Number of protein chains: 2
Amino acid sequence: MPRRTQTERTDRTTAALVAAARELFGRDGYAATGIDAVAAAGGVTKGAAYHHFQNKAALFRAVFVHEQRRISARLEQAAAAEPDSWSALLRGCLTFLEHCLDPTFRQVVLLDGPAVLGWETVREIEREHTLRVLTAGIGAAIADGRMAGGDPLVRAQLMFGALCEAGMLLARAGDPAGALPAVAAEAARLLGSVAAEPPENRPGGPPGSG
Amino acid sequence: MPRRTQTERTDRTTAALVAAARELFGRDGYAATGIDAVAAAGGVTKGAAYHHFQNKAALFRAVFVHEQRRISARLEQAAAAEPDSWSALLRGCLTFLEHCLDPTFRQVVLLDGPAVLGWETVREIEREHTLRVLTAGIGAAIADGRMAGGDPLVRAQLMFGALCEAGMLLARAGDPAGALPAVAAEAARLLGSVAAEPPENRPGGPPGSG
DNA sequence: TCGGTTACATACTCTCGGTATGGAAGTGAG
DNA sequence: CTCACTTCCATACCGAGAGTATGTAACCGA
């Protein structure tokens with residue numbers, strides 16, 4: 001065992017714990033997963049877990065934030081590859097739906113998150129990640145005149161709720177990959193309805209108008 | 001103690017348990033509420049609770065179904081008072097948002113429900129209550145040509161997700177009653193975007209076009 | 001009235017979140 | 001290097017609460 005610095009020890013242990021927690025929380029759910037099991041999967045014991053995390057919910061919160069970082073990074077990357085604000089928005093929604101095919105994401109973020117952390121905390125975290133990206137996209141679309149005016153954050157939040165439902169719906173479908181276009185089309189319709197009117201033939205303009 | 005029939009005993013006890021569970025689950029959340037506390041609040045003991053319900057989740061499920069019946073009945077009543085399918089739909093959405101001001105409803109149905117019962121079970125129950133009413137409303141609007149064609153159930157589910165978010169958003173606002181119109185307007189925009197196009201000046205037609 | 005079933009209370013077990021304590025690993029000053 | 005000090009982590013323990021076993025009282029059907 002080579003000599004390790006304290007921060008290295010802490011980083012390794014917490015990383016192992018979060019990784020193990022992500023695995024178990026994501027597979028079995030928060031309630032059905034014990035701290036002992038997480039610690040064992042991470043190669044340590046309960047003592048280590050409670051040294052680095054105040055309680056079970058705090059460990060879960062770390063996993064939740066981890067998931068938020070993953071999805072928001074993926075969304076930003078997908079949106080950045082698009083030529084204009086509107087297609088970036090559509091692309092982001094599609095990417096979100098695809099991401100919902102990950103069972104761990106669904107269990108941790110969509111199912112357990114609100115119940116364990118509370119709605120307030122969940123949205124506070126999401127406002128710095130997923131919701132931030134979505135709000136920026138909607139704000140850009142509004143600024144470009146591609147979408148009707150309004151509060152971007154409120155609109156993002158409603159859209160986010162619809163997307164979460166769509167993602168769950170998709171994931172439970174018999175053939176998720178096959179069902180994606182249909183569900184995505186319905187989601188795009190929702191976006192299209194708040195598109196700027198009149199729906200002229202703007203280049204790259206909102207769909208659903210023809 | 002007058003002589004009671006068995007079904008009467010059962011009905012009274014289960015009703016008392018469900019009422020107490022609704023109170024405590026709604027106030028403190030599922031995880032923070034013990035079976036003993038529920039039983040005591042219902043005037044019985046744990047033995048009675050486990051005699052009538054297989055486990056804690058089954059008791060919660062009864063509360064969840066109870067809430068579903070309440071909201072769906074209220075929605076149907078509100079929609080029935082409207083003259084046409086489109087205004088009935090709008091009225092229903094507004095009524096749903098108002099209903100979200102009830103903390104018990106939010107805690108049981110929106111926060112704990114999915115985590116405790118699982119998404120599958122929750123949506124299965126809702127398909128027979130809230131989602132059924134919403135789907136019928138959307139189906140009627142489509143049939144009346146007030147809304148673009150599509151799968152009513154899928155559209156209802158997305159709309160439902162957006163409404164749940166809107167309801168939480170509303171409830172956490174400083175002045176919920178005051179914020180209701182703004183949030184409701186944004187929700188109506190979402191509906192308006194899937195409205196039938198072209199948006200001619202149909203009598204009682206969809207808003208958001210002016 | 002009486003055997004059998006249902007409704008409920010009491011007493012118990014056992015899992016699991018959280019704490020207390022002891023020791024090993026790292027740190028910083030002299 | 002060394003030695004007091006802090007940080008990291010393991011082991012042993014505690015208490016709360018979900019679920020069970022068992023006993024008893026209330027109902028039911030004959």
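Everything numeric in this text was worked out from a predicted model, so none of it was measured.
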Phosphate OP1/OP2 of [N] contacted by [X] side-chain N/O (<4.0 Å):
{"X": "B:T10", "N": "C:dA7", "result": "yes"}
{"X": "A:H51", "N": "D:dC8", "result": "yes"}
{"X": "A:T5", "N": "C:dT27", "result": "yes"}

Gap between atoms CG and P, on B:L17 and C:dA7 respectively (whole Å):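 Atom-to-atom, B:L17 to C:dA7, this comes out as 13 Å.
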Spacing of B:F53 atom CZ relative to C:dC8 atom P, expressed in whole Å: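 For the pair B:F53 CZ and C:dC8 P, the rounded distance is 11 Å.
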Any donor-acceptor N/O pair, B:T135 side chain to B:L131 backbone, under 3.5 Å: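 Yes, B:T135 side chain to B:L131 backbone: donor-acceptor pair under 3.5 Å.
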Side-chain donor or acceptor of B:D112 paired with backbone N/O of B:Y30 under 3.5 Å: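 Indeed, once roles are kept as given, a pair shorter than 3.5 Å links the two residues.
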Nearest to the [X] side chain among [options], which nucleotide is it?
{"X": "B:T13", "options": "C:dC8, C:dG26, C:dA9", "result": "C:dC8"}
{"X": "A:Q6", "options": "D:dA26, C:dT27, D:dC9", "result": "C:dT27"}
{"X": "A:R9", "options": "D:dC27, C:dA9, C:dA25", "result": "C:dA25"}
{"X": "A:H52", "options": "D:dC9, C:dA9, D:dC27", "result": "D:dC9"}

Nucleic acid footprint by protein, nucleotides 15-22 of chain C - heavy-atom cut-off 4.0 Å, B for base, S for sugar-phosphate alone: --BBB---
Atom CZ of A:R61: over 12 foreign heavy atoms under 6.0 Å: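 Not more than 12 within 6.0 Å, no.
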Charged N-O contact under 4.0 Å between A:R123 and A:E128: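 Answer for the salt bridge query: no.
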Distance-only side-chain donor-acceptor flag, A:E67 / A:T104, under 3.5 Å: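 No, no side-chain donor-acceptor pair sits under 3.5 Å.
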Pair B:F96-B:F160, ring-ring contact (aromatic ring centres under 6.0 Å, His included): steps then yes or no: CA-CA 10 Å; B:F96 182 87; B:F160 180 68; 5.7 Å; yes
